[in-house]
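Single-structure report; data block below.
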There are 2 protein chains.
Amino acid sequence: MGRRRSVSAGEPLIWEDDDSLLVANVIEGVLKLTTSTADGREQIVGVAYPSDFIGRPFGQTSAASVVALTDARVCVFARNDFDRFAREHPELEHKLLERTLAELDRTRAWMMLLGRKSAPEKIATFLLDMSERLADNGCMAHTGPARQFTLPFSRQQVADLLGLTIETVSRQFTKLKADGVVALPGRRDVEILDRSSLVMLAG
Amino acid sequence: MGRRRSVSAGEPLIWEDDDSLLVANVIEGVLKLTTSTADGREQIVGVAYPSDFIGRPFGQTSAASVVALTDARVCVFARNDFDRFAREHPELEHKLLERTLAELDRTRAWMMLLGRKSAPEKIATFLLDMSERLADNGCMAHTGPARQFTLPFSRQQVADLLGLTIETVSRQFTKLKADGVVALPGRRDVEILDRSSLVMLAG
DNA sequence: AGCGATCCTTGACCGAGATCAAACCAGCAA
DNA sequence: TTGCTGGTTTGATCTCGGTCAAGGATCGCT
């Protein structure tokens, strides 16, 4: 049915305001969903992990661009084919509905973060969120939140996710390190030393 | 099937973190979907207009509280009943999927606003959005965006929607009035005098 | 009408986070 | 090694929007 396709890190899969011609399933890797203003400000509005669905069925244009954060493999479908197929397979539509509702919940929780949380709260929430998301997405069974992990994001991308600037993100990371809450062994590596502090900070 | 129910302005319909026991369809009126932090900060994460769907099918808890902004009439269903019924009626699930996808698009656009837009941009975007939403929701056919309308929100609620404080909202409204972009004949009444300026400001 | 509660506006001030700018560092190629 | 490149950290300063504190306006009630 769908065509397998590899996307290397940084490569776009869908452009904002494109006629929504394709949908896809993530097999491997991580991709970002973004919207941008005319003057170049960017906001990451979603992140797709393996098994997540990408694209906008039953609609004219996709509201967001999709760009791979890591090398990724996806299974793409022509939107029209998918729409038709979905309507004939209620089980598929049901699955898709459940996923979409879950994504909407997650997105709404993120709105709270964007609209009402301070920079330290944003960073703490982000790290806890990553620690859970990245744990579940290896192959191993449900081992609970990861204590250490590698972010699929650059500092700028963390900023775009949290509605901050890169400098503020950097300063907050440095602060957490200085306070012994996390260790930062590599550019994108995080080790959580004091989870309860993070939970406090997340508010 | 569903029970009709009246909800007066300010009255809650669903509590955050409640076991999601009911879902509903809005017949008349406007309701807000909110999440709050422990220390009382609030973010409006969605607004439900007539014909919109409320609640969280296929899930354990609802992520948001629902409170009526105006007197409202809704058609409520026990969640279990609804879930069962939906699974037996693919057409209903399809409709629900389309609505949920549209809501997700709108929510993502709002994330851009919350994370990256300045106070003036937020206010301008909000007014344009209202002008379109409130126009379509009367009975009259598609008349395009309304030039004047009555907000279903208090100033505090506008603040909770935009991730601002009430004072900032007030000052921005005053500014727009002083600049002749809008007139404010009543507490909640808005008349758009210069739409193109608003579009500029919205960015 | 008069009164009180609530909402809204306005002003003075402050501070979190943005901006501007410079150094720092890791990775990579020659 | 050296130098280059892109990402990251750090510092100095500024500014937008938040906070605190008074007034005003509007609505509902008696």
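Since we're looking at a predicted model, the values are computed, not measured. Within every chain, numbering begins at 1; the chains are lettered A, B, ... in the order of the sequence lines, protein sequences first and strands thereafter.
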Chain B reaches DNA chain D, atoms under 4.0 Å from its heavy atoms, from D/dG17 to D/dT26
Checking side-chain contact (heavy atoms from CB on, under 4.5 Å) for the pair B/Arg99/B/Ser51: CA distance, chi angles, key distance, verdict? CA-CA 10 Å; B/Arg99 280 164 188 281; B/Ser51 91; 3.9 Å; yes
Would you tell me whether [X] and [Y] have side-chain atoms, one donor and one acceptor, within less than 3.5 Å of each other?
X: A/Ser154; Y: A/Arg187; value: no
X: B/Thr107; Y: B/Asp105; value: no
X: B/His94; Y: B/Glu98; value: yes
X: B/Asp71; Y: B/Ser8; value: no

Atom pair distance, as rounded to whole Å: CG in A/Leu162 and P in C/dA18:
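Rounding to the nearest Å, CG of A/Leu162 and P of C/dA18 are 11 Å apart.
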What is the separation between atom CZ on B/Arg41 and atom P on C/dA16, rounded to the nearest whole Å?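 In whole Å, C/dA16 P lies 14 Å from B/Arg41 CZ.
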ask   = Less than 6.0 Å separating the ring centroids of A/Phe53 and A/Phe82?
value =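 Ring centres of A/Phe82 and A/Phe53 closer than 6.0 Å.
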Does A/Thr165 make a side-chain N or O approach to OP1 or OP2 of C/dG17 shorter than 4.0 Å?
no
When B/Asp160, B/Asp39, B/Thr37 are each screened for side chain to side chain donor-acceptor pair (under 3.5 Å) with A/Arg116, the one that passes is B/Asp160
In B/S/- notation (B base, S sugar-phosphate only, - none; protein heavy atoms under 4.0 Å), nucleotides 2-12 of chain C written 5' to 3' is -----BSBBBB
Classify the nucleic acid contact of B/Gly163 as base, sugar-phosphate or nothing, counting any heavy atom under 4.0 Å across all strands shown.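 Result for B/Gly163 = sugar-phosphate.
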Only distances under 3.5 Å count here; give the side-chain donor-acceptor pairs of residues 173-183 of chain A to other protein atoms, sequence neighbours excluded, each with its distance to 0.1 Å.
unit_1	atom_1	unit_2	atom_2	d
A/Thr174	OG1	A/Ser170	O	2.8
A/Lys175	NZ	A/Asp179	OD2	3.2

